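Notes to accompany the following structure.
These numbers were taken from a predicted model, which means no experiment stands behind them. Atoms within each ligand, like the ligands themselves, are counted from 1 in listed order. Atom set for the values below is all heavy atoms of this structure, side chains included, hydrogens, waters and symmetry mates excluded.
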Amino acid sequence: MKKVVVVGSINMDLVTVCNKAPLGGETLFGKEFFQVPGGKGANQAVAIAKLGTEVTMLGKVGNDSFGQELIKAMEKDGVKVEHIEYANTATGIANIIVEENGQNRILVVPGANGYVDKAYIDRHLDVIKNSDILVVQLEIPLETVEYALSKAKEFGKMTILNPAPAVKLSDDIIKKSDIIIPNESELGVITGLEVDTKEHIQKAAKKLLEMNVKNLIVTLGSSGSLHVNKDTEEFHSAYKVKAIDTTAAGDSFIGGFIRAYSEDNIGEAIEFATKVSAIVVTRRGAQTSIPTIEEVENFKG
Ligand code: ADP
């Protein structure tokens with residue numbers, strides 16, 4: 001059974017639903033408020049655990065009630081949380097204002113996530129050493145992402161990079177990532193190319209491949225995904241489902257992909273991931289919307 005380590009962000013999402021977001025200097029009543037566990041790192045760890053793969057989370061929360069709550073939520077879903085540290089600052093949060101017309105405004109305050117540094121990775125190197133796969137995103141300092149990837153490659157591990165939120169990436173980060181999984185807009189930022197048509201996406205994907213990426217999987221929302229490597233260029237269709245909330249679609253895709261992955265069956269792993277994320281978009285929430293393996297097996301599309 002493979003073991004996974006996720007090095008990444010842990011956030012509390014503070015969601016306010018309102019008719020209209022206030023302008024500067026204005027005070028309005030909102031309609032609803034809820035707080036839900038989030039952060040791309042934590043979401044992906046929960047997806048991996050709920051789908052039945054052993055996963056350890058490496059990251060930091062603040063020494064506050066959000067931090068304790070987030071650790072408890074991950075633990076309840078089966079993530080190994082004993083290496084998460086408390087930083088002497090606030091837990092990371094995302095302030096999300098959702099207008100009824102569906103438009104979101106999001107302010108992320110990284111807090112403790114910003115303190116996930118090289119020294120922290122060094123204190124927990126054994127976790128990377130004892131895992132088979134390292135998964136990283138870009139909600140912690142970039143130099144820590146690069147360092148974790150370097151260590152994983154030194155130990156001969158498989159590495160997966162979800163380059164979100166997207167920034168221009170160094171050649172070093174790209175070289176050390178065995179599989180890169182961006183969505184289409186992230187692919188645009190990484191390559192600096194247009195991604196508005198299927199042809200443009202293919203062109204941008206090829207450019208990234210030329211930068212020494214072994215496997216690239218671009219997720220395309222309701223259009224599915226595109227897998228490219230030196231021998232393959234293959235589109236995978238999404239399921240036609242009634243999507244009500246696409247939060248964590250990409251995070252659950254990664255969880256599903258890892259569950260089904262082995263080196264010679266990337267296509268099958270993508271098919272499984274596509275199923276998992278199809279279920280997720282039919283449910284509200286992030287970590288709560290991720291199905292169990294039984295639910296995926298019973299899904300008929
Ligand atoms: P992200 O959440 O990172 O932006 P995407 O929106 O590309 O990622 O979604 C990831 C995957 O989730 C897609 O490749 C697809 O398989 C699935 N998915 C997303 N939106 C839908 C949808 N509306 N209907 C069916 N599947 C979807």
Side-chain angles (χ1 to χ4, degrees), residues 6 8-9 11 13 15 36 38-48 50-51 94 96 98 102-104 106 108 135-139 160-167 169 177 179-191 195-198 200-202 204-205 208 215-228 233-261 266-291 295-296 299-301:
V6 176
S9 58
N11 286 337
D13 290 350
V15 185
V36 281
K40 287 177 197 298
N43 287 351
Q44 289 173 23
V46 165
I48 294 163
K50 278 179 105 175
L51 292 162
I96 305 174
V98 184
Q103 191 161 80
N104 292 352
I106 305 179
V108 176
V135 183
V136 284
Q137 318 75 24
L138 304 178
E139 286 186 336
I160 297 181
L161 167 66
N162 171 225
V167 288
L169 296 173
S177 304
I179 303 182
I180 302 189
I181 311 184
N183 66 16
E184 59 189 275
S185 66
E186 288 150 7
L187 177 69
V189 175
I190 296 167
T191 58
V195 287
D196 52 341
T197 63
K198 201 170 155 179
H200 282 156
I201 290 168
Q202 284 171 296
L208 202 52
N215 275 290
L216 173 69
I217 303 165
V218 188
T219 63
L220 307 167
S222 58
S223 300
S225 57
L226 169 68
H227 171 215
V228 277
E233 186 173 352
E234 200 170 27
F235 279 96
H236 292 259
S237 310
Y239 287 89
K240 289 202 168 31
V241 292
K242 192 163 180 286
I244 59 163
D245 179 3
T246 58
T247 312
D251 294 333
S252 66
F253 184 95
I254 289 170
F257 178 78
I258 287 173
R259 163 72 204 219
Y261 172 84
I266 292 193
E268 275 171 47
I270 293 173
E271 287 300 319
F272 187 82
T274 303
K275 237 186 216 188
V276 171
S277 49
I279 298 173
V280 165
V281 301
T282 63
R283 300 173 175 178
R284 281 199 194 285
Q287 296 178 10
T288 49
S289 67
I290 294 158
E295 289 173 308
V296 185
F299 177 71
K300 299 286 178 271

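The protein heavy atom nearest to atom 26 (N) of ligand 1 is A238 CB, 3.7 Å. In this structure, atom 11 (C) of ligand 1 lies nearest to the protein heavy atom S277 OG, 3.6 Å. Nearest protein heavy-atom neighbour of atom 8 (O) of ligand 1: T219 OG1, 3.5 Å. The nearest heavy-atom contact from the protein to atom 2 (O) of ligand 1 is G250 N, 3.0 Å. Counting protein heavy atoms only, atom 9 (O) of ligand 1 is closest to A249 CB, 3.6 Å.
Contact annotation for A243 and ligand 1: only side-chain heavy atoms (C-beta onward) come within less than 4.0 Å of the ligand.
For ligand 1, the atoms closer than 4.0 angstrom to any heavy atom of Y239 are 24 (N), 25 (C). Of all the atoms in ligand 1, the ones that sit under 4.0 Å from a non-hydrogen atom of V241 are 24 (N), 25 (C). Atoms of ligand 1 found under 4.0 Å from any heavy atom of G224, numbered from 1 in the order shown, are 13 (C), 14 (O).
Looking at heavy atoms from C-beta onward, Q202 lies in side-chain contact with L226 at the 4.5 angstrom threshold. Put simply, the side chain of V218 does not reach to within 4.5 Å of the side chain of L208, judged on heavy atoms.
At under 3.5 Å, not a single nitrogen or oxygen of S225, backbone or side chain, sits near a nitrogen or oxygen of ligand 1. Geometrically, ligand 1 and N183 share a nitrogen or oxygen pair separated by less than 3.5 Å.
When K40, E139, Q44 are each tested for a side-chain hydrogen bond (donor to acceptor under 3.5 Å, both in side chains) with N162, only one passes: Q44. Partner N43 forms a side-chain hydrogen bond (donor to acceptor under 3.5 Å, both in side chains) with one of T247, N11, D251, D13 and no other, that one being D251.
Using a distance-only test at 3.5 Å, with no hydrogens or angles considered, a donor-acceptor pair links the side chain of K50 to the main chain of Q287. No donor-acceptor pair closer than 3.5 Å links the side chain of T219 to the backbone N or O of S225. Between the side chain of N183 and the backbone N or O of S185, at least one donor-acceptor pair lies under 3.5 Å.
Of the listed residues (A164, G221, S237), the one carrying the non-hydrogen atom nearest atom 13 (C) of ligand 1 is G221.
Taking the six-membered ring where the residue is Trp, F257 and F253 present parallel rings, their angle staying beneath 30° rather than reaching 60°.
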